[in-house]
Number of protein chains: 2
Amino acid sequence: MSAQPTTERGRQTRARIVAAAADVVAEKGALGASLDDVGARAMASRSQLYHYFDDKTDLLLAVAQATNDAVLDAQRALFAGLDTWNGLVRWADALVEFQRQRDGRGGCPIANLVGQLGEREDGIRLVLASGYDRWETDIRAGLAAMVTSGELQPGANTDWLAASTLASLQGGLILCQARRDPDALRRALDGALALIGAYRGAS
Amino acid sequence: MSAQPTTERGRQTRARIVAAAADVVAEKGALGASLDDVGARAMASRSQLYHYFDDKTDLLLAVAQATNDAVLDAQRALFAGLDTWNGLVRWADALVEFQRQRDGRGGCPIANLVGQLGEREDGIRLVLASGYDRWETDIRAGLAAMVTSGELQPGANTDWLAASTLASLQGGLILCQARRDPDALRRALDGALALIGAYRGAS
DNA sequence: TCCTGACTGGACTGTCAAGTCCAATCGCGA
DNA sequence: TCGCGATTGGACTTGACAGTCCAGTCAGGA
(Lines give C-alpha, C1' and ligand atoms only; values in the text may rest on other atoms or scores of the structure.)
Protein backbone atom coordinates (compact mmCIF):
# COMPACT_ATOMS: atom_id res chain seq x y z
CA MET A 1 0.00 0.00 0.00
CA SER A 2 1.23 3.46 -0.81
CA ALA A 3 2.20 5.56 2.19
CA GLN A 4 0.59 8.88 2.93
CA PRO A 5 3.24 11.41 3.85
CA THR A 6 3.12 12.36 7.53
CA THR A 7 5.82 14.98 7.62
CA GLU A 8 6.02 18.30 5.83
CA ARG A 9 9.06 17.14 3.90
CA GLY A 10 7.18 14.05 2.76
CA ARG A 11 4.19 16.11 1.63
CA GLN A 12 6.40 18.33 -0.46
CA THR A 13 8.16 15.37 -2.04
CA ARG A 14 4.86 13.74 -2.93
CA ALA A 15 3.52 16.98 -4.35
CA ARG A 16 6.69 17.46 -6.40
CA ILE A 17 6.34 13.96 -7.81
CA VAL A 18 2.70 14.45 -8.82
CA ALA A 19 3.42 17.81 -10.43
CA ALA A 20 6.37 16.38 -12.35
CA ALA A 21 4.34 13.36 -13.41
CA ALA A 22 1.53 15.58 -14.67
CA ASP A 23 4.06 17.51 -16.77
CA VAL A 24 5.66 14.41 -18.21
CA VAL A 25 2.29 12.81 -18.94
CA ALA A 26 1.11 15.96 -20.72
CA GLU A 27 4.27 15.91 -22.78
CA LYS A 28 4.74 12.24 -23.60
CA GLY A 29 1.41 10.66 -22.86
CA ALA A 30 0.48 8.38 -20.00
CA LEU A 31 2.10 5.27 -21.43
CA GLY A 32 5.07 7.14 -22.82
CA ALA A 33 5.89 8.76 -19.50
CA SER A 34 8.62 6.76 -17.79
CA LEU A 35 9.24 6.76 -14.08
CA ASP A 36 12.83 7.73 -14.82
CA ASP A 37 11.57 10.89 -16.51
CA VAL A 38 9.26 11.65 -13.61
CA GLY A 39 11.95 11.04 -11.02
CA ALA A 40 14.46 13.21 -12.83
CA ARG A 41 12.03 16.10 -13.21
CA ALA A 42 10.86 15.84 -9.60
CA MET A 43 14.41 15.50 -8.27
CA ALA A 44 13.23 12.31 -6.61
CA SER A 45 14.76 8.87 -6.60
CA ARG A 46 13.06 5.68 -7.54
CA SER A 47 12.41 4.67 -3.95
CA GLN A 48 10.61 7.91 -3.31
CA LEU A 49 8.22 7.14 -6.14
CA TYR A 50 7.51 3.70 -4.75
CA HIS A 51 7.31 5.03 -1.23
CA TYR A 52 4.32 7.21 -2.05
CA PHE A 53 2.70 5.21 -4.85
CA ASP A 54 2.00 1.50 -5.27
CA ASP A 55 2.88 1.43 -8.93
CA LYS A 56 2.63 3.50 -12.06
CA THR A 57 -1.15 3.18 -12.24
CA ASP A 58 -1.46 4.55 -8.72
CA LEU A 59 0.68 7.51 -9.75
CA LEU A 60 -1.43 8.08 -12.85
CA LEU A 61 -4.51 8.13 -10.64
CA ALA A 62 -2.99 10.98 -8.67
CA VAL A 63 -2.10 12.70 -11.93
CA ALA A 64 -5.73 12.43 -13.05
CA GLN A 65 -6.90 14.06 -9.83
CA ALA A 66 -4.31 16.80 -10.16
CA THR A 67 -5.40 17.36 -13.75
CA ASN A 68 -9.02 17.76 -12.71
CA ASP A 69 -8.02 20.30 -10.09
CA ALA A 70 -5.78 22.21 -12.48
CA VAL A 71 -8.42 22.47 -15.19
CA LEU A 72 -11.19 23.53 -12.82
CA ASP A 73 -9.07 25.85 -10.71
CA ALA A 74 -7.97 27.69 -13.83
CA GLN A 75 -11.62 28.51 -14.54
CA ARG A 76 -12.65 29.28 -10.97
CA ALA A 77 -12.76 33.05 -11.45
CA LEU A 78 -14.76 32.65 -14.63
CA PHE A 79 -17.16 30.16 -13.07
CA ALA A 80 -18.08 32.79 -10.52
CA GLY A 81 -19.39 34.99 -13.32
CA LEU A 82 -21.44 32.25 -14.96
CA ASP A 83 -24.58 33.56 -13.27
CA THR A 84 -25.10 36.29 -15.86
CA TRP A 85 -25.37 36.17 -19.62
CA ASN A 86 -22.39 38.47 -20.00
CA GLY A 87 -20.36 36.27 -17.68
CA LEU A 88 -21.25 33.24 -19.80
CA VAL A 89 -20.08 35.03 -22.91
CA ARG A 90 -16.86 36.08 -21.17
CA TRP A 91 -16.24 32.48 -20.11
CA ALA A 92 -16.63 31.27 -23.69
CA ASP A 93 -14.43 34.08 -25.01
CA ALA A 94 -11.72 33.24 -22.49
CA LEU A 95 -11.71 29.57 -23.49
CA VAL A 96 -11.39 30.45 -27.16
CA GLU A 97 -8.70 33.02 -26.44
CA PHE A 98 -6.76 30.45 -24.43
CA GLN A 99 -6.81 28.06 -27.36
CA ARG A 100 -5.69 30.83 -29.68
CA GLN A 101 -2.69 31.50 -27.48
CA ARG A 102 -1.76 27.84 -27.74
CA ASP A 103 -2.36 27.76 -31.51
CA GLY A 104 -5.03 25.17 -30.92
CA ARG A 105 -2.55 22.74 -29.40
CA GLY A 106 -3.21 20.48 -26.45
CA GLY A 107 -6.95 20.11 -26.28
CA CYS A 108 -8.53 19.33 -22.92
CA PRO A 109 -6.13 17.56 -20.55
CA ILE A 110 -9.00 15.58 -19.03
CA ALA A 111 -10.22 14.41 -22.42
CA ASN A 112 -6.71 13.39 -23.39
CA LEU A 113 -6.49 11.18 -20.35
CA VAL A 114 -9.88 9.67 -21.14
CA GLY A 115 -8.63 8.80 -24.60
CA GLN A 116 -5.41 7.33 -23.26
CA LEU A 117 -6.62 5.47 -20.19
CA GLY A 118 -10.42 5.52 -20.15
CA GLU A 119 -10.87 2.06 -21.60
CA ARG A 120 -8.04 0.43 -19.71
CA GLU A 121 -8.02 1.83 -16.19
CA ASP A 122 -11.45 1.97 -14.69
CA GLY A 123 -10.37 3.72 -11.50
CA ILE A 124 -8.79 6.53 -13.47
CA ARG A 125 -11.83 6.76 -15.73
CA LEU A 126 -14.00 7.29 -12.65
CA VAL A 127 -11.76 10.07 -11.40
CA LEU A 128 -11.97 11.81 -14.78
CA ALA A 129 -15.74 11.37 -14.83
CA SER A 130 -15.91 13.09 -11.47
CA GLY A 131 -13.95 15.98 -12.95
CA TYR A 132 -16.57 16.33 -15.66
CA ASP A 133 -19.28 16.14 -13.03
CA ARG A 134 -17.76 19.03 -11.12
CA TRP A 135 -17.41 21.00 -14.35
CA GLU A 136 -21.02 20.41 -15.32
CA THR A 137 -22.18 21.27 -11.81
CA ASP A 138 -20.45 24.64 -11.95
CA ILE A 139 -22.06 25.45 -15.29
CA ARG A 140 -25.46 24.32 -14.06
CA ALA A 141 -25.16 26.45 -10.93
CA GLY A 142 -24.57 29.51 -13.08
CA LEU A 143 -27.52 28.78 -15.33
CA ALA A 144 -29.75 28.10 -12.33
CA ALA A 145 -28.76 31.46 -10.88
CA MET A 146 -29.72 33.07 -14.17
CA VAL A 147 -33.12 31.41 -13.92
CA THR A 148 -33.52 32.69 -10.37
CA SER A 149 -32.56 36.20 -11.35
CA GLY A 150 -34.98 36.05 -14.27
CA GLU A 151 -32.25 36.36 -16.88
CA LEU A 152 -33.33 32.95 -18.15
CA GLN A 153 -36.92 31.84 -18.45
CA PRO A 154 -38.24 29.68 -15.60
CA GLY A 155 -38.88 26.83 -18.03
CA ALA A 156 -35.22 26.53 -19.00
CA ASN A 157 -33.96 23.01 -18.28
CA THR A 158 -30.65 23.78 -16.63
CA ASP A 159 -29.62 20.12 -16.28
CA TRP A 160 -29.93 19.60 -19.98
CA LEU A 161 -28.41 22.94 -20.96
CA ALA A 162 -25.39 22.43 -18.70
CA ALA A 163 -24.78 18.92 -20.04
CA SER A 164 -25.18 20.09 -23.59
CA THR A 165 -22.89 23.07 -23.06
CA LEU A 166 -20.12 20.96 -21.57
CA ALA A 167 -20.45 18.57 -24.51
CA SER A 168 -20.17 21.42 -27.00
CA LEU A 169 -17.08 22.64 -25.21
CA GLN A 170 -15.45 19.22 -25.13
CA GLY A 171 -16.27 18.49 -28.75
CA GLY A 172 -15.09 21.93 -29.81
CA LEU A 173 -11.81 21.31 -28.00
CA ILE A 174 -11.21 18.01 -29.77
CA LEU A 175 -11.94 19.48 -33.18
CA CYS A 176 -9.71 22.43 -32.32
CA GLN A 177 -6.97 20.06 -31.22
CA ALA A 178 -7.17 17.84 -34.29
CA ARG A 179 -7.26 20.75 -36.73
CA ARG A 180 -5.15 23.23 -34.79
CA ASP A 181 -8.02 25.61 -35.38
CA PRO A 182 -9.43 27.62 -32.44
CA ASP A 183 -12.34 28.67 -34.66
CA ALA A 184 -13.69 25.14 -34.35
CA LEU A 185 -14.10 25.78 -30.62
CA ARG A 186 -15.57 29.19 -31.36
CA ARG A 187 -18.29 27.69 -33.56
CA ALA A 188 -19.05 24.97 -31.03
CA LEU A 189 -19.42 27.42 -28.15
CA ASP A 190 -21.48 29.79 -30.29
CA GLY A 191 -23.83 26.88 -30.77
CA ALA A 192 -24.08 26.32 -27.03
CA LEU A 193 -24.60 30.03 -26.40
CA ALA A 194 -27.31 30.23 -29.06
CA LEU A 195 -29.13 27.34 -27.44
CA ILE A 196 -29.03 28.97 -24.01
CA GLY A 197 -29.80 32.34 -25.53
CA ALA A 198 -33.11 30.97 -26.81
CA TYR A 199 -34.22 30.84 -23.18
CA ARG A 200 -33.27 34.39 -22.27
CA GLY A 201 -36.01 36.35 -20.51
CA ALA A 202 -38.22 38.63 -22.58
CA SER A 203 -37.27 41.60 -20.40
CA MET B 1 10.58 3.32 -47.69
CA SER B 2 7.61 1.05 -47.17
CA ALA B 3 6.72 -1.11 -50.13
CA GLN B 4 3.32 -0.99 -51.75
CA PRO B 5 2.11 -4.51 -52.45
CA THR B 6 2.08 -5.34 -56.15
CA THR B 7 0.58 -8.81 -56.01
CA GLU B 8 -2.82 -9.92 -54.79
CA ARG B 9 -1.23 -11.94 -52.02
CA GLY B 10 0.70 -8.89 -50.89
CA ARG B 11 -2.40 -6.75 -50.86
CA GLN B 12 -4.20 -9.24 -48.68
CA THR B 13 -1.30 -9.50 -46.27
CA ARG B 14 -1.10 -5.75 -45.93
CA ALA B 15 -4.84 -5.48 -45.39
CA ARG B 16 -4.70 -8.25 -42.78
CA ILE B 17 -1.95 -6.39 -40.94
CA VAL B 18 -3.83 -3.09 -40.90
CA ALA B 19 -7.03 -4.74 -39.70
CA ALA B 20 -5.20 -6.61 -36.97
CA ALA B 21 -3.35 -3.46 -35.93
CA ALA B 22 -6.61 -1.52 -35.72
CA ASP B 23 -8.02 -4.21 -33.44
CA VAL B 24 -4.99 -4.29 -31.17
CA VAL B 25 -4.80 -0.51 -31.00
CA ALA B 26 -8.47 -0.31 -30.05
CA GLU B 27 -7.86 -2.85 -27.34
CA LYS B 28 -4.52 -1.81 -25.87
CA GLY B 29 -4.03 1.72 -27.11
CA ALA B 30 -1.58 2.95 -29.71
CA LEU B 31 1.47 2.85 -27.46
CA GLY B 32 0.43 -0.36 -25.74
CA ALA B 33 -0.01 -2.22 -28.99
CA SER B 34 3.12 -4.25 -29.70
CA LEU B 35 4.16 -5.40 -33.13
CA ASP B 36 4.29 -8.93 -31.75
CA ASP B 37 0.59 -8.68 -30.91
CA VAL B 38 -0.20 -7.32 -34.34
CA GLY B 39 1.87 -9.95 -36.10
CA ALA B 40 0.28 -12.78 -34.15
CA ARG B 41 -3.26 -11.56 -34.80
CA ALA B 42 -2.56 -10.96 -38.49
CA MET B 43 -0.74 -14.28 -38.88
CA ALA B 44 2.16 -12.30 -40.25
CA SER B 45 5.84 -12.43 -39.37
CA ARG B 46 7.98 -9.53 -38.33
CA SER B 47 9.49 -9.11 -41.79
CA GLN B 48 6.07 -8.79 -43.31
CA LEU B 49 5.32 -5.87 -41.01
CA TYR B 50 8.55 -4.14 -41.96
CA HIS B 51 8.10 -5.01 -45.60
CA TYR B 52 4.90 -2.98 -45.86
CA PHE B 53 5.52 -0.30 -43.23
CA ASP B 54 8.57 1.78 -42.41
CA ASP B 55 8.09 1.58 -38.69
CA LYS B 56 5.41 1.53 -36.06
CA THR B 57 4.41 5.14 -36.71
CA ASP B 58 3.86 4.36 -40.37
CA LEU B 59 1.62 1.48 -39.36
CA LEU B 60 -0.31 3.69 -36.96
CA LEU B 61 -0.86 6.14 -39.80
CA ALA B 62 -2.51 3.39 -41.79
CA VAL B 63 -4.55 2.46 -38.73
CA ALA B 64 -5.75 6.06 -38.45
CA GLN B 65 -6.89 6.02 -42.07
CA ALA B 66 -8.62 2.70 -41.58
CA THR B 67 -10.32 4.06 -38.46
CA ASN B 68 -11.63 7.09 -40.36
CA ASP B 69 -13.03 4.83 -43.04
CA ALA B 70 -14.61 2.45 -40.55
CA VAL B 71 -16.33 5.21 -38.58
CA LEU B 72 -17.66 7.00 -41.65
CA ASP B 73 -18.62 3.87 -43.57
CA ALA B 74 -20.65 2.68 -40.60
CA GLN B 75 -22.76 5.83 -40.90
CA ARG B 76 -23.00 5.95 -44.67
CA ALA B 77 -26.58 4.75 -44.83
CA LEU B 78 -27.60 7.24 -42.15
CA PHE B 79 -25.74 10.11 -43.83
CA ALA B 80 -27.90 9.59 -46.90
CA GLY B 81 -30.98 10.43 -44.83
CA LEU B 82 -29.51 13.56 -43.31
CA ASP B 83 -31.33 15.71 -45.86
CA THR B 84 -34.61 15.58 -43.92
CA TRP B 85 -35.44 16.46 -40.34
CA ASN B 86 -36.66 12.96 -39.66
CA GLY B 87 -33.48 11.53 -41.08
CA LEU B 88 -31.46 13.79 -38.78
CA VAL B 89 -33.43 12.55 -35.78
CA ARG B 90 -32.94 8.93 -36.89
CA TRP B 91 -29.19 9.51 -37.20
CA ALA B 92 -29.03 10.88 -33.66
CA ASP B 93 -31.18 8.05 -32.34
CA ALA B 94 -28.96 5.47 -34.02
CA LEU B 95 -25.81 6.97 -32.48
CA VAL B 96 -27.34 6.93 -29.02
CA GLU B 97 -28.66 3.40 -29.50
CA PHE B 98 -25.21 2.25 -30.59
CA GLN B 99 -23.71 3.63 -27.40
CA ARG B 100 -26.42 1.95 -25.35
CA GLN B 101 -25.53 -1.39 -26.89
CA ARG B 102 -21.94 -0.87 -25.86
CA ASP B 103 -22.91 0.30 -22.38
CA GLY B 104 -21.29 3.62 -23.12
CA ARG B 105 -17.91 1.98 -23.64
CA GLY B 106 -15.36 2.92 -26.26
CA GLY B 107 -16.21 6.47 -27.22
CA CYS B 108 -15.24 7.68 -30.68
CA PRO B 109 -12.29 5.75 -32.14
CA ILE B 110 -11.07 8.86 -33.95
CA ALA B 111 -11.18 10.95 -30.77
CA ASN B 112 -9.31 8.25 -28.87
CA LEU B 113 -6.50 8.37 -31.41
CA VAL B 114 -6.42 12.17 -31.19
CA GLY B 115 -6.00 11.89 -27.44
CA GLN B 116 -3.28 9.27 -27.76
CA LEU B 117 -1.29 10.58 -30.70
CA GLY B 118 -2.57 14.03 -31.61
CA GLU B 119 0.12 15.94 -29.77
CA ARG B 120 2.98 13.65 -30.68
CA GLU B 121 2.50 12.56 -34.29
CA ASP B 122 1.58 15.41 -36.54
CA GLY B 123 1.07 13.27 -39.63
CA ILE B 124 -1.43 11.12 -37.81
CA ARG B 125 -3.17 14.17 -36.38
CA LEU B 126 -3.65 15.49 -39.90
CA VAL B 127 -5.19 12.21 -41.03
CA LEU B 128 -7.62 12.30 -38.11
CA ALA B 129 -8.46 15.93 -38.83
CA SER B 130 -9.32 14.92 -42.38
CA GLY B 131 -11.68 12.31 -40.96
CA TYR B 132 -13.47 15.01 -39.01
CA ASP B 133 -13.58 17.16 -42.14
CA ARG B 134 -15.30 14.40 -44.08
CA TRP B 135 -17.73 13.87 -41.21
CA GLU B 136 -18.58 17.55 -41.00
CA THR B 137 -18.95 17.75 -44.77
CA ASP B 138 -21.51 14.96 -44.78
CA ILE B 139 -23.53 16.67 -42.06
CA ARG B 140 -23.33 20.01 -43.84
CA ALA B 141 -24.48 18.48 -47.11
CA GLY B 142 -27.58 17.14 -45.40
CA LEU B 143 -28.38 20.47 -43.79
CA ALA B 144 -27.81 22.30 -47.07
CA ALA B 145 -30.23 19.94 -48.77
CA MET B 146 -32.79 20.75 -46.09
CA VAL B 147 -32.31 24.44 -46.83
CA THR B 148 -32.79 23.77 -50.53
CA SER B 149 -35.93 21.76 -49.91
CA GLY B 150 -37.26 24.48 -47.64
CA GLU B 151 -37.23 22.30 -44.57
CA LEU B 152 -34.74 24.72 -43.06
CA GLN B 153 -34.98 28.48 -43.42
CA PRO B 154 -32.77 30.03 -46.12
CA GLY B 155 -30.91 32.02 -43.48
CA ALA B 156 -29.66 28.93 -41.66
CA ASN B 157 -25.85 28.94 -41.53
CA THR B 158 -25.12 25.35 -42.47
CA ASP B 159 -21.35 25.71 -42.00
CA TRP B 160 -21.81 26.77 -38.43
CA LEU B 161 -24.60 24.30 -37.66
CA ALA B 162 -22.64 21.37 -39.07
CA ALA B 163 -19.52 22.29 -37.10
CA SER B 164 -21.52 22.79 -33.95
CA THR B 165 -23.41 19.52 -34.41
CA LEU B 166 -20.22 17.51 -34.87
CA ALA B 167 -18.80 19.15 -31.76
CA SER B 168 -21.89 18.24 -29.74
CA LEU B 169 -21.60 14.67 -30.96
CA GLN B 170 -17.91 14.42 -30.12
CA GLY B 171 -18.33 16.01 -26.71
CA GLY B 172 -21.33 13.83 -25.97
CA LEU B 173 -19.30 10.77 -26.87
CA ILE B 174 -16.47 11.71 -24.50
CA LEU B 175 -18.83 12.37 -21.62
CA CYS B 176 -20.62 9.13 -22.41
CA GLN B 177 -17.30 7.29 -22.46
CA ALA B 178 -16.02 8.77 -19.21
CA ARG B 179 -19.29 8.17 -17.35
CA ARG B 180 -20.42 5.03 -19.12
CA ASP B 181 -23.68 6.88 -19.59
CA PRO B 182 -25.32 6.98 -23.04
CA ASP B 183 -27.73 9.63 -21.75
CA ALA B 184 -24.85 12.10 -21.79
CA LEU B 185 -24.73 11.65 -25.57
CA ARG B 186 -28.52 11.88 -25.73
CA ARG B 187 -28.52 15.27 -24.01
CA ALA B 188 -25.70 16.57 -26.19
CA LEU B 189 -27.40 15.56 -29.41
CA ASP B 190 -30.74 16.92 -28.21
CA GLY B 191 -28.94 20.22 -27.81
CA ALA B 192 -27.66 20.05 -31.38
CA LEU B 193 -31.09 19.08 -32.68
CA ALA B 194 -32.76 21.91 -30.79
CA LEU B 195 -30.34 24.40 -32.29
CA ILE B 196 -31.01 23.15 -35.81
CA GLY B 197 -34.71 22.88 -35.05
CA ALA B 198 -34.82 26.61 -34.38
CA TYR B 199 -34.23 27.11 -38.10
CA ARG B 200 -37.00 24.81 -39.33
CA GLY B 201 -39.28 26.32 -41.92
CA ALA B 202 -42.53 27.88 -40.75
CA SER B 203 -44.51 25.48 -42.95
C1' DT C 1 20.97 12.27 23.92
C1' DC C 2 19.15 8.27 21.67
C1' DC C 3 15.73 5.58 19.43
C1' DT C 4 12.44 4.77 15.92
C1' DG C 5 9.92 5.27 12.03
C1' DA C 6 9.66 8.22 8.06
C1' DC C 7 12.18 9.07 4.28
C1' DT C 8 15.96 8.74 0.63
C1' DG C 9 19.75 6.98 -2.80
C1' DG C 10 20.71 4.26 -6.36
C1' DA C 11 22.20 -0.16 -8.10
C1' DC C 12 20.11 -4.36 -9.90
C1' DT C 13 16.88 -7.70 -12.26
C1' DG C 14 13.71 -9.54 -15.44
C1' DT C 15 10.82 -8.55 -19.14
C1' DC C 16 9.43 -6.86 -23.25
C1' DA C 17 9.42 -4.33 -27.41
C1' DA C 18 11.34 -2.02 -31.76
C1' DG C 19 14.02 -2.61 -35.35
C1' DT C 20 17.81 -5.45 -38.14
C1' DC C 21 19.43 -9.15 -40.83
C1' DC C 22 19.81 -12.91 -43.91
C1' DA C 23 18.35 -16.90 -45.80
C1' DA C 24 14.52 -19.11 -47.90
C1' DT C 25 10.30 -19.46 -50.80
C1' DC C 26 6.82 -18.05 -54.10
C1' DG C 27 4.95 -17.08 -58.54
C1' DC C 28 4.82 -14.17 -62.63
C1' DG C 29 6.74 -13.09 -67.11
C1' DA C 30 10.04 -14.21 -70.72
C1' DT D 1 11.49 -24.07 -67.69
C1' DC D 2 14.22 -20.25 -65.66
C1' DG D 3 15.31 -15.93 -63.45
C1' DC D 4 14.18 -12.39 -60.52
C1' DG D 5 11.76 -9.44 -57.73
C1' DA D 6 8.09 -9.83 -54.35
C1' DT D 7 7.29 -11.97 -50.31
C1' DT D 8 8.08 -14.61 -46.03
C1' DG D 9 10.24 -16.83 -41.56
C1' DG D 10 12.21 -16.07 -37.47
C1' DA D 11 16.39 -15.45 -34.81
C1' DC D 12 19.12 -11.69 -32.99
C1' DT D 13 20.55 -7.06 -31.12
C1' DT D 14 19.85 -3.21 -28.50
C1' DG D 15 17.75 -0.44 -25.40
C1' DA D 16 14.26 0.99 -22.24
C1' DC D 17 11.41 0.49 -18.50
C1' DA D 18 8.67 -1.27 -14.25
C1' DG D 19 9.46 -2.91 -10.14
C1' DT D 20 12.78 -4.82 -6.19
C1' DC D 21 16.11 -4.44 -2.67
C1' DC D 22 18.96 -2.88 0.89
C1' DA D 23 21.77 0.23 2.94
C1' DG D 24 21.61 4.19 4.47
C1' DT D 25 20.02 9.43 6.45
C1' DC D 26 16.89 12.53 8.80
C1' DA D 27 14.15 14.48 12.56
C1' DG D 28 10.92 14.48 16.27
C1' DG D 29 9.60 12.53 20.75
C1' DA D 30 10.94 10.14 25.11
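Below, read A as the first sequence line, B as the second, and so on, with proteins coming before strands; counting in each chain starts at 1.
- Between A/D183 and A/R100, at least one side-chain N (NZ, or NE/NH1/NH2) sits under 4.0 Å from a carboxylate O, which counts as a salt bridge.
- Between A/R11 atom CZ and D/dA27 atom P there is a gap of 15 Å when expressed in whole angstrom units.
- Of the charged side-chain nitrogens involved, none lies within less than 4.0 Å of a carboxylate oxygen, so that B/R186 and B/D181 do not count as a salt-bridged pair.
- With values rounded to the nearest 0.5 angstrom, B/L143 atom CG is found 10.0 Å from B/D83 atom CG.
- Following rounding to the nearest Å, B/L59 (CG) and C/dA17 (P) show an atom-to-atom distance of 15 Å.
- Partner A/D36 forms a salt bridge (charged side-chain N to carboxylate O under 4.0 Å, His left out) with one of A/R41, A/K56, A/R46 and no other, that one being A/R46.
- The two residues B/Y52 and B/A3 make their nearest non-hydrogen contact at CD2-O, 3.5 Å.
- Per the geometry, NE2 belonging to A/H51 stands 6 Å off C1' belonging to C/dA6, to the nearest Å.
- For the pair B/L35 CG and C/dG19 C1', the interatomic distance rounds to 9 Å; values are reported in whole Å.
- The separation between B/F53 atom CZ and C/dA18 atom P is 14 Å, rounded to whole Å.
- Counting to the nearest Å, the C1' atom of C/dG10 and the CG atom of A/L49 are 12 Å from each other.
- Ion pairing of A/R179 with B/D133 is present here, as a side-chain N (NZ or NE/NH1/NH2) and a carboxylate O approach within less than 4.0 Å.
- The stretch residues 24-34 of chain B touches DNA chain C through B/A33, B/S34, each having a heavy atom under 4.0 angstrom from the strand.
- Contact annotation: A/Q48 reaches the phosphate of C/dT8 (side-chain N/O to OP1 or OP2, under 4.0 Å).
- Using a 4.0 Å heavy-atom distance criterion, B/T6 is classed as a sugar-phosphate-only contact.
- Contact annotation: A/Y52 reaches the phosphate of C/dT8 (side-chain N/O to OP1 or OP2, under 4.0 Å).
- Rounded to whole Å, the distance from CG on A/D58 to P on D/dA18 is 14 Å.
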Footprint string (nucleotides 21-30 of chain C, 5' to 3'): B base within contact, S backbone only, - free, heavy atoms under 4.0 Å = -----S----
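- Residue pairs satisfying the side-chain hydrogen bond (donor to acceptor under 3.5 Å, both in side chains) criterion with at least one member in residues 102-115 of chain B, sequence neighbours excluded, are listed as follows: B/N112-B/Q177.
- When rounded to the nearest whole Å, the span between CG of B/D55 and C1' of C/dG19 equals 9 Å.
- The aromatic rings of A/F79 and A/W91 sit tilted relative to each other, their planes meeting at an angle between 30° and 60°.
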